[in-house]
2 protein chains.
Amino acid sequence: MTGMASASLSPPDYVVLGMVGLGRRSGYEIKQAVELSIRFFWTISPAQIYPSLTRLERAGLLTGRDEPQGRRQRRLYELTAAGSTALAEWLQSTEPIPFELRDIGMVKLFFADAVAPSQAARLLTAVRQRSEQRLATLRAIRPEAEAAERQGDVYPALTLELGIAFHQAMVDACERFESRLP
Amino acid sequence: MTGMASASLSPPDYVVLGMVGLGRRSGYEIKQAVELSIRFFWTISPAQIYPSLTRLERAGLLTGRDEPQGRRQRRLYELTAAGSTALAEWLQSTEPIPFELRDIGMVKLFFADAVAPSQAARLLTAVRQRSEQRLATLRAIRPEAEAAERQGDVYPALTLELGIAFHQAMVDACERFESRLP
DNA sequence: GGTAACATGTAAGCGGTTACATGATTAG
DNA sequence: CTAATCATGTAACCGCTTACATGTTACC
């Protein structure tokens, strides 16, 4: 019995669903949560979040309640049983997970032979520094992930470590090549 | 004196330009070259390539010449001096390179606490295996990259090693967590 | 004789980004 | 008093993917 209402949701819908699943939230808070956690492998804009919330509520996967702060409007959402089921089904589906990155930095590096060696080396350095910056940002988030871990959500910490490992590998590989060039 | 014709090209345009820069090519060959090299951090479809080639030729950055094989049509392109300059300028530009990934696998993993531990572990395994497969594919490409290296294009080999390092880091991190769970 | 690969394109639709619009509250 | 943050949305545009259309050559 696979959810009767669901007209197959898009990935952004599941991101919204998943974030609400981690705790009662407003659209604004969802955006913030994404920025603080999965923004290194996913982004979402307010123009996606608010229509998505409306759709998900109409589909019976979320329930929203107005809880203004003073005169400032605010609407908080939580998962319904159907929403929880839909999220779980998505996470459990056995379809192969496509892997697709889209990074202009790597593309530039690939074509770097088209410019002078010194210029190419500068590009390599820029790519390395970019990963070093991400690394610093990701490490700064660790406390939040560890706090979530203590409350039973261990996978955010795992994905954080995965991100750190990824960028560390990039930095190491760049350094190996940089030391070989000059 | 920054190229007078260029109305600022899109990333896919530069991908086409860069691929033609690596050797005289048809649209079909560009697609193949992308699949064999940068597809792990960029993709491009025929529906983008052919209009792009037309635009770039009109802008004077490429020249095309019909070279049919028998009755089978074919049009080969090469860089003009202006095209070469445009590519070099793009590669040398000092604007910060945005870093943005988009990977549903990571998103699923992030939310994995929403399902039973055994299901979450299955997800982790799926993500690990996905990287193992990429790793195998990337390693299979090594000969091509090394051939290019011998002919003076060293950066394709570099980006390949970067991709391998990235996926190896993912596999290692996944294994660390998998051994901790059961 | 049929399938896969070679080769080039067009059209429609959709999903996402950018920009815009509005208003309340807090901090400096 | 001003800027930043909180908070929610809409509209237009654009670029990309999907599907389609067409024809040739090589291979089994």
Side-chain angles (χ1 to χ4, degrees), chain A residues 7-17 19-20 23-36 38-39 41-58 62 64-77 98-104 107, chain B residues 7-17 19-20 23-36 38-39 41-58 62 64-77 98-104 107:
Chain A
S8 77
L9 307 175
S10 66
D13 287 329
Y14 285 112
V15 169
V16 168
L17 215 52
M19 281 300 177
V20 174
R24 214 153 122 276
R25 277 189 171 81
S26 65
Y28 190 84
E29 284 166 334
I30 290 171
K31 173 64 179 161
Q32 282 184 317
V34 167
E35 288 308 305
L36 273 177
I38 60 171
R39 86 136 173 253
F41 41 85
W42 201 268
T43 55
I44 192 167
S45 67
Q48 288 174 280
I49 293 171
Y50 291 106
S52 175
L53 285 169
T54 308
R55 272 197 315 274
L56 293 171
E57 191 175 10
R58 262 190 228 138
L62 293 179
R65 189 185 305 178
D66 284 321
E67 292 196 18
Q69 301 281 85
R71 277 181 199 163
R72 186 191 281 163
Q73 66 176 325
R74 197 170 61 134
R75 189 173 177 83
L76 297 183
Y77 294 86
F99 183 80
E100 206 167 298
L101 301 185
R102 204 154 259 253
D103 179 13
I104 301 174
V107 174
Chain B
S8 77
L9 306 176
S10 67
D13 288 329
Y14 285 112
V15 169
V16 169
L17 215 52
M19 282 300 177
V20 174
R24 216 153 123 273
R25 277 190 170 81
S26 66
Y28 190 83
E29 285 168 331
I30 290 171
K31 172 65 177 161
Q32 282 185 317
V34 167
E35 289 307 305
L36 274 177
I38 61 172
R39 87 136 172 254
F41 40 85
W42 202 268
T43 56
I44 191 167
S45 66
Q48 287 175 279
I49 293 172
Y50 292 105
S52 175
L53 285 168
T54 309
R55 271 197 314 274
L56 292 171
E57 190 175 9
R58 260 190 230 137
L62 294 179
R65 189 185 307 177
D66 284 321
E67 292 195 18
Q69 301 282 84
R71 278 183 199 162
R72 185 189 280 164
Q73 66 176 326
R74 197 168 62 131
R75 190 172 176 83
L76 297 183
Y77 294 86
F99 183 81
E100 204 166 300
L101 301 186
R102 204 154 258 250
D103 178 14
I104 302 175
V107 174

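Residue numbering restarts at 1 for every chain, and letters A, B, ... go by the order of the sequence lines.
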Atom pair [atom1]/[atom2] of [X] and [Y] - distance to nearest 0.5 Å:
X	Y	atom1	atom2	value
B/Arg102	A/Thr43	CZ	OG1	3.5 Å
A/Met19	A/Gln32	CE	CD	11.5 Å
B/Arg74	B/Arg25	CZ	CZ	12.0 Å

Taking [atom1] from [X] and [atom2] from [N], how many angstroms apart are they, rounded to a whole number?
X	N	atom1	atom2	value
A/Arg74	C/dT26	CZ	C1'	15 Å
B/Leu76	C/dC6	CG	P	15 Å
B/Gln48	C/dA11	CD	C1'	15 Å
B/Gln69	C/dT8	CD	P	10 Å
B/Ile44	D/dT18	CD1	C1'	16 Å
A/Tyr50	D/dC6	OH	P	11 Å
B/Arg71	C/dT8	CZ	P	18 Å
A/Lys31	C/dG16	NZ	C1'	12 Å

Note to self: Five pairs per end, C1' atoms only: what is the angle between the end axes of the helix from C/dG1-D/dC28 to C/dG28-D/dC1, to 10 degrees?
What the structure shows: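 About 40°, once rounded to a multiple of 10°.
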Hey, does [Y] have a side-chain heavy atom less than 4.5 Å from the side chain of [X]?
X	Y	value
A/Leu9	A/Arg55	no
B/Ile44	B/Val16	yes
B/Phe41	A/Val107	yes

Considering only side-chain heavy atoms of [X], which listed nucleotide, [options], is closest?
X	options	value
B/Thr43	D/dT17, C/dA7, C/dT18	D/dT17
A/Pro12	D/dT8, C/dA7, C/dG16	C/dG16
A/Ala47	C/dT8, D/dC16, C/dT18	C/dT18
B/Tyr28	D/dA7, D/dT17, C/dA7	C/dA7

Within the structure shown, what part of the strands sits under 4.0 Å from [X] by heavy-atom distance: base, sugar-phosphate, or nothing?
X	result
A/Ser10	nothing
B/Gln32	sugar-phosphate
A/Pro51	nothing

Notebook entry, point to check: Taking OP1 and OP2 of C/dT17, is either one under 4.0 Å from a side-chain nitrogen or oxygen of B/Arg102?
Noted result: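 For C/dT17, OP1/OP2 do have a side-chain N/O of B/Arg102 under 4.0 Å.
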Next item on the list: Sequence neighbours left out, what passes ring pair (Phe, Tyr, Trp, His ring centres under 6.0 Å) with A/Tyr14? Give chain and number order.
Entry: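 Scan of A/Tyr14 (ring pair (Phe, Tyr, Trp, His ring centres under 6.0 Å), adjacent residues dropped) gives A/Trp90.
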Next item on the list: Name the residue closer to the 5' end of DNA chain C, choosing between A/Ser45 and A/Arg72 according to the nucleotide with the nearest heavy atom.
Entry: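 With A/Ser45 and A/Arg72 compared, the 5'-side residue is A/Ser45.
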